[in-house]
Trainee: 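This is the structure I want to talk about, given as structure tokens.
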Amino acid sequence: MPTDFPDALVNVSSLSLIAGVRVNSGATFTVYNRYTGKAIAQIDQTSQEHIRQAVIAARLNLKKAPDGYERSRILRKAVELITARKQQFIDVMTLEAGFTVSEASNEIARGLDTLEISAEEAKRICGEMIPMDGNPGQKDRLAFTLRTPVGIVCAITPFNAPFNALLHKVAPAIAAGNAVIIKPSGYTPLTASLICDVLLEAGWPAELLSLVHGEGAQAGEWLLDEQDINFYTFTGSTRVGRLIQQKAGRRRTQLELGSIACTIICDDADLEFALPRILRATFRKAGQVCTSIQRLYVAQSRVAEVTASLENAVRALKSGDPRLGDTDVGPMITEQEAIRAESWIKEAVNMGAQLVAGGQRDKSVLAPTILSNVHSGMSVFDQEIFAPVVTLLPFETVAEVIEGINSTPYGLAAGVFTNDVNTAFHLARHLQVGGLHINETSSSRNDGMPYGGVKDSGYGFEGPKYAVRDMTDEKVVTFSLRHP
Ligand code: NAD
């Protein structure tokens, strides 16, 4: 029988961290085991006064940020420390996020890549030479740009990638030499707490690191009210992203938001190659990934074959307790979320959709589900489902697919399986998305590449090189040469 990993929570602080010091406000909230529903920790609800102190300490100590060489060393040291504690990170994520062991291990591997790449970036932050003599009468002038840290970066992160989404914000912020204030999802604060301990142990200055816990509508909004914060980097829902954009005013933001991610199977696709990738990209983390395939567009000539293969594959998936090594699909973040997704499936079926597989729910575990015959007017078609549910959409022409994908309010990522370079290039030019992956799914990501969305999926790129660029200011310096 699986245990509740009692050792996993030993030495994980449940307190807030204000300028490197653990504090508590007296008020707490509860974190649960996502599968059993049992309480596993009581976490400090950071007070507004503590948030104020975090911002003041960061502002007063910005000059303590070490040089690029040292920042790189600290990030590499963090890789070493996390690698040594990998099992604890896996166990904590399995408990608080409901990830299967393999999903948690994959998240760690990717987060370590993010740290490594950020460590490289810390050593090569530079501006550029400006060709002043391109303007008349300027041949005796030289100019270049300097990149300097923006100041205080606030990272607000979601529940569905408590390790890597957080590191995609914190590691570039540190690489760029900024102070960081982190506000993780209230569902998954323990992984964030472990990461902060590692960063301090690796040598990051205490005054430049704070961890704020609590409800988004309270602690999150208190952070947005702090005018001394220079930059908000946010991953989460479009609703909250809009609010952050409004409240940030003239301060800079980077927003990674919701999506209805789509993948296309063309008539020439290699299904044997595509199918395992599609399964992973649809049901990984119980479908709670912003790039999870919600719409699978299938060429009419391949519909019968794709439906049968996918149905067989889905029926073989084991869903349930994420602590068991052979579980493929674990619980959703809450039972209410599973009930919400189940109700959207029922609504679709009542409106004429066909349930190809799945649909059943056991508390917070929703069985992997395939629906066909879906159309506009159904929630599963019109809104982000964020659950282990895929809809099959037959198509005759590529133009239809482009119209379908571009008519969603979102534009994060898409994938296409085809050997036809003309079709692939046509899609690359015409789809309104932040990334198109050819012979991969919408969920394909390399942690070094630029990653971000358009339309309601947000703006600004993650990927350490691009995040470091955004988390620095560029200043131009000119010289007029005086001839002897
Ligand atoms: P969420 O928007 O509910 O919460 C995200 C974070 O914002 C949490 O830390 C939360 O406490 C905080 N928050 C909530 N209300 C706030 C407020 N009023 N002010 C300030 N902060 C507030 O999102 P979630 O449910 O944790 O995550 C799921 C969503 O995230 C999905 O829509 C998904 O598509 C999106 N997501 C996007 C990406 C991407 O890269 N584009 C990646 C992962 C998740």
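Worth saying up front: this structure is predicted, and the values here are computed from it rather than measured.
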Trainee: Check step by step if side-chain contact (heavy atoms from CB on, under 4.5 Å) holds for Ile152 and Val180.
Mentor: CA-CA 6 Å; Ile152 305 176; Val180 191; over 6 Å; no

Trainee: Do the non-hydrogen side-chain atoms of Arg71 and Glu121 ever get within less than 4.5 Å of each other?
Mentor: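 Arg71 vs Glu121: side chains apart.
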
Trainee: Could you check whether Arg147 pairs with Glu128 (Lys NZ or Arg NE/NH1/NH2 to Asp/Glu carboxylate O, under 4.0 Å)?
Mentor: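 A salt bridge is absent here (no side-chain N lies under 4.0 Å from a carboxylate O).
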
Trainee: For residues Met471 and Thr233, determine if any side-chain heavy atom of one lies less than 4.5 Å from a side-chain heavy atom of the other.
Mentor: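 The answer is yes, as the side chains (C-beta and beyond) meet within the 4.5 Å cut-off.
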
Trainee: Salt bridge or not for Arg110 and Asp447, using N-O below 4.0 Å?
Mentor: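 Yes, Arg110 and Asp447 are salt-bridged.
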
Trainee: Look at the side chain of Asp328 and the backbone N and O of Ser319, then say whether any donor-acceptor pair between them is shorter than 3.5 Å.
Mentor: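 Pair absent, no side-chain N/O of Asp328 close to backbone of Ser319.
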
Trainee: Check this for me, if you would: do Glu201 and Lys77 make a salt bridge, where the nitrogen-to-carboxylate-oxygen distance has to be below 4.0 angstrom?
Mentor: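 Here Glu201 does not pair with Lys77 in a salt bridge, since their nearest N and O are not under 4.0 Å apart.
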
Trainee: Would you indicate whether the side-chain heavy atoms of Gln87 and Asp7 approach each other to under 4.5 Å?
Mentor: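 No; the side chains remain at least 4.5 Å from each other.
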
Trainee: Flag yes if more than 12 heavy atoms outside Lys139 fall under 6.0 Å of its NZ atom; otherwise flag no.
Mentor: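 Counting other residues, nucleotides and ligands, NZ of Lys139 stays at 12 neighbours or fewer.
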
Trainee: Are the side chains of Glu107 and Ile90 in touch, meaning some heavy atoms are under 4.5 Å apart?
Mentor: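 They are not in side-chain contact.
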
Trainee: Take a 6.0 Å sphere around CG of Asn406 and say whether it holds more than 12 heavy atoms from other residues, nucleotides or ligands.
Mentor: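 Yes.
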
Trainee: Does a salt bridge link Glu96 with Arg34, judged by any charged N lying under 4.0 Å from a carboxylate O?
Mentor: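 No, Glu96 and Arg34 are not salt-bridged.
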
Trainee: Using a 6.0 Å cut-off, check whether atom NZ of Lys363 has over 12 heavy atoms from anything other than its own residue.
Mentor: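 Atom NZ in Lys363 is not crowded, with 12 or fewer foreign heavy atoms closer than 6.0 Å.
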
Trainee: Quick one, Ser16 with Arg22, criterion side chain to side chain donor-acceptor pair (under 3.5 Å). Give me CA distance, side-chain angles, the key distance, then yes/no.
Mentor: CA-CA 6 Å; Ser16 304; Arg22 291 287 179 180; over 6 Å; no

Trainee: Under 4.0 Å between a Lys/Arg side-chain N and an Asp/Glu carboxylate O for Arg361 and Glu335?
Mentor: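 Yes, Arg361 and Glu335 are salt-bridged.
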
Trainee: Taking the basic N atoms (NZ, or NE/NH1/NH2) and the acidic carboxylate oxygens, is any pair closer than 4.0 Å for Glu462 and Arg445?
Mentor: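 Yes, this pair counts.
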
Trainee: Test Val468 against Arg124 for side-chain contact (heavy atoms from CB on, under 4.5 Å), laying out the working first.
Mentor: CA-CA 10 Å; Val468 165; Arg124 53 181 178 226; over 6 Å; no

Trainee: Give the intermediate values and the outcome of side-chain contact (heavy atoms from CB on, under 4.5 Å) for residues Thr94 and Thr100.
Mentor: CA-CA 6 Å; Thr94 300; Thr100 65; over 6 Å; no

Trainee: Is the closest basic N to carboxylate O distance between Arg252 and Asp470 below 4.0 Å?
Mentor: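 Here Arg252 does not pair with Asp470 in a salt bridge, since their nearest N and O are not under 4.0 Å apart.
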
Trainee: Are the side chain of Thr188 and the backbone of Pro162 linked by a donor-acceptor contact shorter than 3.5 Å?
Mentor: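 Side chain of Thr188 to backbone of Pro162: no pair is present.
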
Trainee: Salt bridge or not between Glu70 and Arg73? Use side-chain N to carboxylate O under 4.0 Å.
Mentor: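 Looking at Arg73 together with Glu70, the answer is yes, because their closest N to O distance falls below 4.0 Å.
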
Trainee: So with a 6.0 Å cut-off around CD of Gln42, is the heavy-atom count from everything else above 12?
Mentor: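 Counting neighbours around CD of Gln42, more than 12 heavy atoms of other residues, nucleotides or ligands fall under 6.0 Å, so yes.
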
Trainee: Centroid-to-centroid, Phe163 to Phe89, below 6.0 Å?
Mentor: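 Ring-ring flag for Phe163/Phe89: true, centres closer than 6.0 Å.
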
Trainee: Inspect the surroundings of OH in Tyr459 and state if more than 12 heavy atoms from other residues, nucleotides or ligands are less than 6.0 Å away.
Mentor: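 Counting other residues, nucleotides and ligands, OH of Tyr459 exceeds 12 neighbours.
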
Trainee: Looking at Glu103 and Arg284, is there a salt bridge between them, counting it only when a charged N and a carboxylate O are closer than 4.0 Å?
Mentor: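 No, Arg284 and Glu103 are not salt-bridged.
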
Trainee: Any side-chain to backbone donor/acceptor pair from Ser210 onto Ala19? Under 3.5 Å, distance only.
Mentor: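 Between the backbone of Ala19 and the side chain of Ser210 there is a qualifying donor-acceptor contact (under 3.5 Å).
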
Trainee: Establish, yes or no, whether the cationic atom of Arg295 lies under 6.0 Å from the six-membered ring centre of Phe381 and within 45° of the ring axis.
Mentor: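 Cation-pi check for Arg295 and Phe381: passes.
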
Trainee: For the pair Val12 and Gln88, evaluate side-chain contact (heavy atoms from CB on, under 4.5 Å) and give the outcome as yes or no after the intermediate values.
Mentor: CA-CA 10 Å; Val12 185; Gln88 186 180 22; 3.5 Å; yes

Trainee: Are His168 and Pro464 side-chain neighbours, meaning at least one heavy-atom pair lies under 4.5 Å?
Mentor: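 Side-chain contact under 4.5 Å: yes.
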
Trainee: One thing to verify: whether Arg242 and Asp456 come together as a salt bridge, which I'm taking to mean a side-chain N less than 4.0 angstrom from a carboxylate O.
Mentor: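 A salt bridge is present here (some side-chain N lies under 4.0 Å from a carboxylate O).
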
Trainee: Is the backbone N or O of Gly411 less than 3.5 Å from a side-chain atom of Gln432, with the two atoms forming a donor-acceptor pair by type?
Mentor: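 No, the answer is negative, given that no donor and acceptor are paired below the 3.5 Å cut-off.
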
Trainee: Do Val390 and Thr369 have side chains that get closer than 4.5 Å, going by heavy atoms?
Mentor: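 Contact flag for Val390/Thr369 side chains = no.
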
